[in-house]
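Residue numbering restarts at 1 for every chain, and letters A, B, ... go by the order of the sequence lines. Just the heavy atoms: all of them, side chains too, but no hydrogens, waters or symmetry mates, feed the values below.
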Amino acid sequence: MPELPEVETIKRTLELKLAGRTIREVTVLFPGVIGSPSPEQFADGLRNVRVRRLGRRGKFLLVELDAGQTLVIHFRMTGRLIYHPGKAPPAEHTHVVFDLDGDSQLHFMDTRKFGRLWLLPNSALTQHSSLGKLGREPLEEGFTREFLRLELPRRRTRIKPLLLDQTFIAGLGNIYADEALHLAGLHPEKPAQDLSFAEISRLHRAIQRVLQDGIEHHGTTLRDYLDGAGTAGRHQDYLRVHRRTGLPCPVCGTRISRKKVGGRSTHYCPCCQKDSGSGE
DNA sequence: AAGAGACCCTGTTGGC
DNA sequence: TGCCAACAGGGTCTCT
């Protein structure tokens with residue numbers, strides 16, 4: 001499920017292929033994945049439009065186009081955007097085909113059909129229902145220890161649901177939230193406002209570290225994720241707790257537990273991530 | 001403000 | 001072994 005490191009990897013692998021290219025034709029095979037405008041207007045609006053560059057905001061991929069428009073893509077869980085150097089017959093679950101200049105194509109695929117594509121004028125990006133409300137980018141300057149020290153004491157929710165709140169931090173999903181909490185030695189249900197100064201510092205460092213490692217390993221492929229070239233990631237080989245229920249904690253060897261927190265399955269080491277505790 | 005639950009969707013898993 | 005219900009998951013929405 002593409003989170004920040006996976007979307008960043010897709011962006012990097014596609015940037016080389018797409019920057020400067022022109023979209024010649026767009027075929028929508030399953031209209032349900034088009035958020036806005038209508039599927040017809042979506043296809044019309046993209047015809048003969050040049051791609052300037054690619055960007056990313058949280059888990060959104062931004063395809064910046066000429067004429068002040070942006071193609072916004074959210075992959076949700078099983079979305080993929082695959083570049084084909086030549087014309088390729090659409091594989092199962094292919095919902096949108098972009099014909100590019102030359103004979104190459106870009107295929108948007110999504111088994112679960114949760115992913116969405118929007119074609120928006122740049123002026124409308126900040127009004128987009130979720131893109132416009134995203135919180136800080138965890139790998140950029142605005143995400144500081146001081147930001148967390150200011151915000152966490154005011155939050156009455158548990159730390160893991162807060163990490164997943166895209167209006168707070170943009171780009172963390174279930175995998176990297178579990179990993180960051182383990183690296184920081186924090187119980188996922190610890191109230192955000194109870195974190196000590198030292199715990200906040202550890203969490204800040206851990207969030208940046210797990211995301212950077214994820215990017216370095218080209219993302220985590222648990223089942224569906226592939227980058228823009230169709231290549232799987234390697235970070236699944238480095239996971240500490242996520243989806244490792246019953247396996248030994250890499251730090252202390254205790255069996256990893258799993259429980260639902262905020263409706264999401266959560267993996268943690270009951271020894272390294274003690275529940276309440278005063279937290280040093 | 002925050003949490004729970006429904007919803008979208010389909011491949012996989014677990015129970016019988 | 002085979003069938004089917006439950007589950008998984010990100011984000012949005014509604015309700016409490």
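- Scored by the salt bridge (Lys or Arg N to Asp or Glu O under 4.0 Å) test, A:Arg234 finds no partners at all (sequence neighbours excluded).
- Residues of residues 256-269 of chain A having a heavy atom closer than 4.0 Å to DNA chain C, listed by number: A:Arg258, A:Lys260, A:Arg264, A:Ser265.
- Annotation for A:Phe60: hydrophobic cluster partners, listed by chain and number, are A:Leu62, A:Val72, A:Trp118, A:Leu120, A:Leu125, A:Leu131, A:Leu134 (ILVMFWY side-chain heavy atoms under 4.5 Å, direct or chained).
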Q.
I'd like to compare against my own output: the B/S/- annotation of nucleotides 5-11 of chain B with a strict under-4.0 Å heavy-atom distance to protein.
A. ---BBBS
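- Applying the ring pair (Phe, Tyr, Trp, His ring centres under 6.0 Å) test to pairs two or more places apart or on separate chains, those with a residue in residues 152-173 of chain A are A:Phe147-A:Phe168.
- For A:Arg50, the salt bridge (Lys or Arg N to Asp or Glu O under 4.0 Å) partners two or more places apart in sequence, or in a different chain, are A:Asp66.
- Annotation: cation-pi pair A:Lys59/A:Phe75 absent, no NZ/CZ under 6.0 Å from the ring centroid and within 45° of its normal.
- Residues satisfying the salt bridge (Lys or Arg N to Asp or Glu O under 4.0 Å) criterion with A:Glu64, sequence neighbours excluded, are A:Arg53.
- Note on residues 37-47 of chain A: pairs passing side chain to side chain donor-acceptor pair (under 3.5 Å), not counting sequence neighbours, are A:Glu25-A:Arg47, A:Ser38-A:Glu40, A:Ser38-A:Gln41, A:Asp44-A:Arg47.
- Proximity of residues 144-156 of chain A to DNA chain B (heavy atom under 4.0 angstrom from any strand atom) is restricted to A:Arg155, A:Arg156.
- For A:Tyr176, the ring-ring contact (aromatic ring centres under 6.0 Å, His included) partners at least two apart in sequence or on another chain are A:His235.
- Judged as a salt bridge (Lys or Arg N to Asp or Glu O under 4.0 Å), and not counting sequence neighbours, the contacts of A:Arg155 are A:Glu151.
- In this structure, the helix from B:dA2-C:dT16 to B:dC16-C:dG2 shows an angle of 60° between the axis at its start and the axis at its end, each fitted on 5 base pairs and rounded to 10°.
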